[in-house]
Amino acid sequence: MNHSYYTSKIYGATETAGKYLWVDIDQLDPGKGKIHGLLSNTHRQAASVHLSFDFPFYGHILREITVATGGFIYTGDVIHRMLTATQYIAPLMANFDPCMSTNSTISYFDNGTALVVQWDQVHLQDSVSQGPFTFQTALHSDGRIVFAYKEVPIDITEIRSVNHPVKVGLSDAFVVLHEIEQIPNVRRRTIYEYHKVDILKSKIANSTVVEMLPLPTCLQFSSCGPCVSSEIGFNCSWCSRLHRCSSGFDRHRQDWVDKGCPEAVLNMQQRTTTSITTTTSSTTTITTTTTTRARPSTTVTTALPFTSAPTVAAEVDEQREVRLQTGLLVGISLVMITMAAAVIATVYMYNHPTSSASLFFIERRPTHWPAMKMRFCRSSGNPAYAEVEDPGLEKDDLVVIDPKHTFVISGHDRRESFMDSKDGFIVPNQRERFLSDHC
């Protein structure tokens, strides 16, 4: 199938071509393959992986990706909470939880020309009894993307998407920053998805393979002539201010707009149209003039509505923007006042421990709360993925995410912390110091 940016091919279980596209990581060089310790022991987590080669994605060169436990790779460079929304490579995006089984692992292999990421023996948190899934994706230096499936125990169309999106395919987007005139140095970030490749979920089964081949894009041209004369299915334009060829819809959209490339391209097209009109025959010019004189009222009547409508719409939009910014300013002011009051109250209670307010909070200190249970693998209450962790945390560190608290336990510092079944998570000797000061 042709998807404008990619051509996809699906190989069934009986086709020979699909069998050679599955990469057996266990049989490769053990020094290059790596099991990601953090992702293999957490739920709804993502971590960065650096590529040893240039990987073209929608015509853009990537050197770093973000692997998520949910069966997909995030390809954006702007981290936000909803990683599953746009800019992804998803062999099988679903609510996978590696904590459901000790055999579940997430590993990757980089040989310098391709990166293979494998989700091995992972279970769906919503349907643990429906068997493990094993699948992988391979990113090649020439831009090819391969989805290979070894074990798919159920029909993908039956996977529930209530707690997590279910997707198979690709997506890319661009980020645009909008200046807010009423508030200086504040910009609003908007993410626009400009293209998506959806693979039919009903085609995915055991031993199937999906191969996606990249198609030419405007970004591959480095000069004006080949750019404007290209015939690749895109309306490519050359912007001399950026020395870049683009259709106007790619990850560099912000630069394209800031440098005035749309206006420059439009002016060039108008000049080209004017020169073509000038070289037409004089017969056509005379005929056009005669038609205009014969029906002068039609021209005046149709021109008036189109000149007045944009003005009314602009005024309405401006009024809405003013009301929006006023509400934003009021909200920010209330938040700042609340924070200032909280700081003042905290300082007062710290300096006056015997006051009624201080005694009120002492009586309700954390030692009287129910015991907090550390959940190494349970963070399903979080609506989105945690922020991307540093690659250095892969081996020795474990991130524990709780709906109200987040702890980072380092493998080198586990002697310095413990879990008290009654008082919760505290540092040694902190409890004794707290009791001696306040009791």
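Counting begins at 1 with the first residue of the sequence. This is a predicted model, so every value here is computed, not measured.
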Suppose the criterion is ring-ring contact (aromatic ring centres under 6.0 Å, His included): which pairs have a residue in residues 116-137, not counting sequence neighbours? F96-F133, F96-F135, W119-F135
Just checking, is any N or O donor in the side chain of E193 or S171 under 3.5 Å from an acceptor N or O on the other one? yes
Rounded to the nearest 0.5 Å, what's the gap from CD1 on I191 to CD on Q87? Could you check? 6.5 Å
Step by step, would you call V175 with T190 a side chain to side chain contact (heavy atoms under 4.5 Å, CB included)? CA-CA 6 Å; V175 180; T190 307; over 6 Å; no
Tell me if the aromatic rings of F72 and Y88 count as close, with their centers under 6.0 Å from one another. no
Donor-acceptor side-chain pairing of Q125 and D97 below 3.5 angstrom: yes
Has the side chain of R160 got a donor or acceptor atom that lies under 3.5 Å from a matching backbone atom of D126? yes
Can you tell me how far apart CZ (R251) and CD1 (I61) are? Round to the nearest 0.5 Å. 11.0 Å
Would you check if Y5 and P214 make a side-chain contact, meaning some heavy-atom pair closer than 4.5 Å? no
Between H3 and D198, which heavy-atom pair has the shortest distance, and what is it? CE1-O, 4.5 Å
Checking the side chain of T208 only, and the main-chain atoms of I204 only, is there a donor and an acceptor separated by less than 3.5 Å? no
Side chain to side chain contact (heavy atoms under 4.5 Å, CB included) between V228 and S237, intermediate numbers included: CA-CA 6 Å; V228 298; S237 301; 5.9 Å; no
Taking it one step at a time, do S247 and N235 satisfy side-chain hydrogen bond (donor to acceptor under 3.5 Å, both in side chains)? CA-CA 6 Å; S247 63; N235 186 17; over 6 Å; no
Check: A114 main-chain N/O paired with N111 side-chain donor or acceptor under 3.5 Å: yes
Could you check Y74 against T86 for side chain to side chain contact (heavy atoms under 4.5 Å, CB included), going step by step and ending with a plain yes or no? CA-CA 8 Å; Y74 175 67; T86 58; 5.6 Å; no
Measure the distance from the SG of C245 to the SG of C218 and say whether it is below 2.5 Å. no
Residue pairs meeting side-chain hydrogen bond (donor to acceptor under 3.5 Å, both in side chains), one or both in residues 210-220, sequence neighbours left out, come to Y11-E211, R144-E211
Could you work out, with side chain to side chain donor-acceptor pair (under 3.5 Å) as the rule, every residue matching H60, not counting sequence neighbours? none
Identify the heavy atoms of R244 and D255 that sit nearest to each other, and give their distance. NH1-CB, 4.0 Å
What orientation do Y194 and F174 show, parallel under 30°, tilted 30 to 60°, or perpendicular over 60°? parallel
Distance-only, no hydrogens or angles: does the K167 side chain make a donor-acceptor pair with backbone N or O of T84 under 3.5 Å? yes
If you look at every heavy atom in I35 and S40, which pair is closest and at what distance? CG2-OG, 3.7 Å
Might you confirm whether atom NZ of K259 has over 12 heavy atoms from other residues, nucleotides or ligands at distances under 6.0 Å? no
Is a donor from one side chain sitting under 3.5 angstrom from an acceptor on the other, for H43 and N95? yes
Judged by modelled atom types alone, do T134 and D120 share a side-chain donor-acceptor pair under 3.5 Å? yes
Yes or no on side-chain hydrogen bond (donor to acceptor under 3.5 Å, both in side chains) for E158 and Q130, after CA distance, side-chain angles and deciding distance? CA-CA 11 Å; E158 298 178 359; Q130 293 182 337; 5.5 Å; no
Taking side chain as C-beta onward, heavy atoms only, is Q136 less than 4.5 Å from V23? yes
State, yes or no, whether a side-chain contact exists between L213 and D142 at a heavy-atom distance under 4.5 Å. no
Is any side-chain heavy atom of L124 closer than 4.5 Å to a side-chain heavy atom of I159? yes
Mind checking whether F55 and R63 have side chains closer than 4.5 Å, heavy atoms only? no
Point-to-point distance, once rounded to the nearest 0.5 Å, from NE2 of H50 to CZ of F53: 10.5 Å
Is there a side-chain contact between Y6 and L170 (heavy atoms, below 4.5 Å)? yes
How long is the gap from CG on L200 to CD1 on I156, to the nearest 0.5 Å? 11.0 Å
Would a distance-only check, ignoring hydrogens and angles, find a side-chain to backbone donor-acceptor pair under 3.5 Å from E15 to G12? yes
Side-chain donor or acceptor of S230 paired with backbone N/O of I232 under 3.5 Å: no
Does some side-chain heavy atom of I106 sit less than 4.5 Å from a side-chain heavy atom of V67? yes
Check: D172 and F57 side chains under 4.5 Å, non-hydrogen atoms: yes
Distance col, row S104:OG vs L39:CG, nearest 0.5 angstrom, shows 12.5 Å
All heavy atoms of T75 vs all of L62, minimum pair found to be CB-CD1, 3.9 Å
Closest approach of S246 and G248, non-hydrogen atoms and distance? OG-N, 2.9 Å
Measuring from atom OG of S161 to atom CE of M93, what distance do you get when rounded to the nearest 0.5 angstrom? 11.5 Å
Side chains of D258 and Q254, donor plus acceptor under 3.5 Å: yes
Kindly determine whether Y108 and H36 satisfy side-chain hydrogen bond (donor to acceptor under 3.5 Å, both in side chains), including the steps that lead there. CA-CA 8 Å; Y108 59 93; H36 202 293; 5.4 Å; no
From CA spacing to verdict: side chain to side chain contact (heavy atoms under 4.5 Å, CB included), V166, H164: CA-CA 7 Å; V166 179; H164 194 289; 5.9 Å; no
For T137 against P91, the heavy-atom pair lying closest together: CB-CG, 4.0 Å
